[in-house]
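In each ligand, atom 1 is the first atom listed, and ligand 1 is the first ligand listed. Computed from heavy atoms alone, side chains included, the values below leave out hydrogens, waters and symmetry copies.
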Amino acid sequence: MKFVSLLALCALGLTASAQAEDGYDLWLRYHPLEKAAASHYAAIGATVVSASHSETANVTRDELVRGLSGLLAKKVTAREAITGNGAVLFGTPENSRTIAALHLPLEKLGPEGYLIRAAVVKGKPVTVIAGSSDVGVLYGAFRFLKLIQTRASIDHIDIASAPKVKLRLLNHWDNLDGSVERGYAGSSIFKWWELPAHSSQRMVDYARANASVGINGTVLINVNASSMILTREWLSKVARLADTFRPYGIKVYLAARFSAPIEIGGLKTADPLDPEVRAWWKNKADEIYHSIPDFGGFLVKANSEGQPGPQDYGRSHADGANMMAEALAPHGGVVMWRAFVYSHEVPVDRVKQAYDEFKPLDGKFRDNVIVQVKNGPLDFQPREPFSPLFGATPATAMGMELEITKEYLGFNTHLVYLGTLWQEVLDSDTFAKGQGSTVAKVVDGTLFDKKLTLMAGVANIGSDRNWCGSIFDQANWYAFGRLAWDPEAQAKDIAADWVKMTFTDNPVFDTAAVTLMMGSRETAVNYMTPLGLAHQMGTSGHYGPGSWIDNVGRPDWNPVYYHRADAQGIGFDRSPSGSDAVSQYAPALRDRLAKVETTPKNALLWFHHVPWSQPMKSGRTLWDELVARYGQGVAEVDTMATSWAKLKPYVDTERFDITADYLRIQRRDAQLWRDASVAYFASISHLPLPAGEKAPLHSLGYYKALEYPYAPGQGTPGRKIKPPPVDDAPTP
Ligand code: GCV
């Protein structure tokens with residue numbers, strides 16, 4: 001009986017992967033379209049045609065056949081030549097005489113761009129997917145499939161696209177022992193134990209997903225790097241992964257530990273000006289390129305959070321970066337040198353440090369160095385202003401680093417779409433060359449005419465079957481790729497595409513899901529860090545509230561350092577009379593941020609220490625407004641949960657349930673954030689709760705005693721787990 005039902009399922013095309021709605025297929029589900037749409041598109045996607053058999057052409061063919069066969073619910077075949085109407089012809093002018101004869105304007109699309117055009121070849125209507133390189137064509141193939149997945153009109157298609165950013169990279173914070181720093185989706189996907197002998201199908205699917213959104217590189221290991229990765233044994237594992245990813249246009253990069261010449265090279269120093277050290281890195285680069293000819297380069301975290309670096313030898317960041325860059329240059333490799341630095345001395349204002357270190361080095365880096373800057377000057381907070389380094393270093397290539405994994409945003413269990421956060425940063429005006437000098441224009445290189453450009457995203461990918469720890473976190477991986485391709489793309493359009501590809505094109509579902517996503521980041525800001533507050537999370541884990549924490553080693557690791565609340569008011573004074581961090585921005589912006597009245601409300605407490613009694617535009621005092629914002633965040637999570645519940649009829653049970661469960665966790669946590677923060681700040685402001693606001697459920701002492709012993713991502717095995725605090729809520 002079982003055998004019969006299995007056969008029946010197979011006949012219907014419901015094989016294991018199609019059937020399981022566990023999120024493994026991401027946005028590349030290729031489930032059958034409804035009948036009318038399928039028969040419409042079937043006329044356009046009858047066969048897949050190419051005579052090329054390069055590795056990349058092969059995976060392009062496979063993807064088109066797989067995608068079209070799934071979407072159209074019929075076996076679409078691959079051919080070497082056009083034999084009838086409705087062929088999808090793909091290739092480059094070099095590998096297809098037919099495409100060459102069409103004289104398509106491909107040069108202006110660069111090496112990775114593509115063109116998709118309806119044409120007539122030998123009297124037959126065809127769709128041409130063309131590019132100057134095989135990888136460009138692959139990107140075009142994914143775009144073509146996306147158009148069908150999202151039910152776009154492709155009858156008279158004529159579209160072209162090229163990436164605006166050269167390096168579009170994931171940064172894995174994966175450790176060699178399989179743990180992932182700030183990872184909330186299981187352990188590392190890289191199975192070092194099995195490599196190089198075995199590279200799994202999961203690695204292929206990882207490459208497919210990345211290529212589908214234009215990601216063209218991956219840094220395999222944590223920036224808190226182990227030198228081991230640079231030893232011969234480990235490099236052979238890296239080489240195997242590079243072989244797996246290569247057909248998909250994905251290069252591998254490695255995080256390089258600055259002290260590697262000492263740790264694995266037997267040298268006494270890692271001084272970047274020492275000839276032996278320079279020779280060591282040169283030899284190491286030669287060795288790497290011998291087995292990985294298209295190796296991308298190094299990502300370096302130096303002199304930051306205890307990592308070794310050139311300053312250990314009295315040298316500058318430029319000395320360190322240039323030394324590595326010199327070793328990689330003959331092979332075409334790059335160095336991505338992180339600007340997330342802070343020195344051992346406790347600063348006047350931590351957020352000024354990256355600018356203070358790197359601004360004076362402008363113009364001192366080699367051509368193959370790009371400085372990788374986090375989006376904000378602090379550390380991936382739910383909201384912070386853009387880093388003032390964007391726009392401040394016209395003579396230096398500056399790339400942007402975003403955090404896809406939600407270290408400070410409720411991990412995988414809070415639904416927070418990051419597309420809006422990133423768009424807010426990219427749209428910000430630096431005023432570096434007058435109005436309209438947006439961060440996006442710095443990142444895509446157009447503002448200062450830079451060719452080496454970079455967008456990096458700290459990956460949220462792990463061994464969980466659904467890759468990212470939740471279904472909606474997949475949207476953040478997807479959105480990162482789309483924004484790296486085009487930093488001026490709109491978060492809402494990206495969300496709309498993702499929803500259609502991941503779930504359904506039902507307009508009821510799509511409208512509700514996109515609305516839910518688009519408001520989700522502001523909601524998290526409201527219940528965690530409203531009005532410009534930042535870094536209020538418990539230290540180390542960065543999960544729950546911890547505004548009261550004041551006992552961690554360095555002052556600038558404590559939440560109290562950032563909120564500066566006292567009996568008079570709250571906020572960090574970064575105006576000219578305070579730390580003067582505002583002066584790191586261009587004058588037009590500095591002057592606005594210097595005054596309370598002209599500072600955007602959502603950045604108020606980031607830039608100013610404001611009296612509790614300050615009247616706000618809402619008519620409330622600052623204190624009342626702060627309390628209201630926390631409550632608003634909680635109410636908004638309620639709305640999110642209610643609106644998700646209504647979508648049950650449109651979603652498979654597995655993905656509906658996990659999302660509903662996680663929204664319950666988010667609701668609980670939002671309340672916790674609100675209650676704990678209100679209890680703490682009330683103890684500082686000594687003000688009564690505004691009328692109508694409920695008292696926190698527990699005492700402040702209870703919240704202070706809370707710990708999150710099971711929170712993932714901290715990589716501290718053997719941590720002592722304390723019992724939870726006694727529940728001191730009044731008996732209902
Ligand atoms: C990889 C923050 C995180 C660290 C991370 C660091 C960085 O401090 O909490 O886990 O380390 O940023 O970006 O280097």
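With salt bridges taken as basic N to acidic carboxylate O contacts below 4.0 Å, one links E424 and R383.
The protein heavy-atom contact nearest to atom 8 (O) of ligand 1 is E305 OE2, 2.7 Å. Nearest non-hydrogen protein atom to atom 14 (O) of ligand 1 is K301 NZ, 2.6 Å. The closest protein non-hydrogen atom to atom 2 (C) of ligand 1 is D379 OD2, 2.9 Å. Of all protein heavy atoms, the one closest to atom 9 (O) of ligand 1 is E407 OE2, 2.5 Å. Nearest protein heavy-atom neighbour of atom 11 (O) of ligand 1: E181 OE2, 3.1 Å.
Contact annotation for W173 and ligand 1: only side-chain heavy atoms (C-beta onward) come within less than 4.0 Å of the ligand. The residue V458 has no part lying near ligand 1, judged by heavy-atom distances below 4.0 Å.
Checked options N460, I404, N412; the residue passing with C468 is N460 (criterion: side-chain contact (heavy atoms from CB on, under 4.5 Å)). Considering L389, T396, V371 in turn, T396 is the only one that fulfils the side-chain contact (heavy atoms from CB on, under 4.5 Å) rule with D362.
Ligand 1 lies within reach of K374, whose nearest heavy atom is under 4.0 Å from it. Every heavy atom of Q307 sits 4.0 Å or more from the atoms of ligand 1.
At least one cation-pi condition fails for K406 and F411: the charged atom is not both under 6.0 angstrom from the six-membered ring centre and inside a 45 degree cone around its axis. Under a cutoff of 6.0 Å and an axis angle of 45°, R554 and W557 form a cation-pi pair.
Note: no N/O pair closer than 3.5 Å links E401 and ligand 1 by distance alone.
Within a 6.0 Å sphere centred on NZ of K301, heavy atoms belonging to other residues, nucleotides or ligands number more than 12. Summarising the local packing, CG of D367 is surrounded by 12 or fewer heavy atoms from other residues, nucleotides or ligands at distances under 6.0 Å.
Residue contact check: N222 has heavy atoms under 4.0 Å from atoms 1 (C) of ligand 1. Atoms of ligand 1 found under 4.0 Å from any heavy atom of R182, numbered from 1 in the order shown, are 3 (C), 4 (C), 9 (O), 10 (O).
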Margin query: Checking D349 against R574 for the salt bridge (Lys or Arg N to Asp or Glu O under 4.0 Å) test, could you report, in this order, the C-alpha distance in whole Å, the side-chain angles of both residues, the deciding distance, and whether it holds?
Written below: CA-CA 8 Å; D349 183 354; R574 296 190 165 108; 2.8 Å; yes

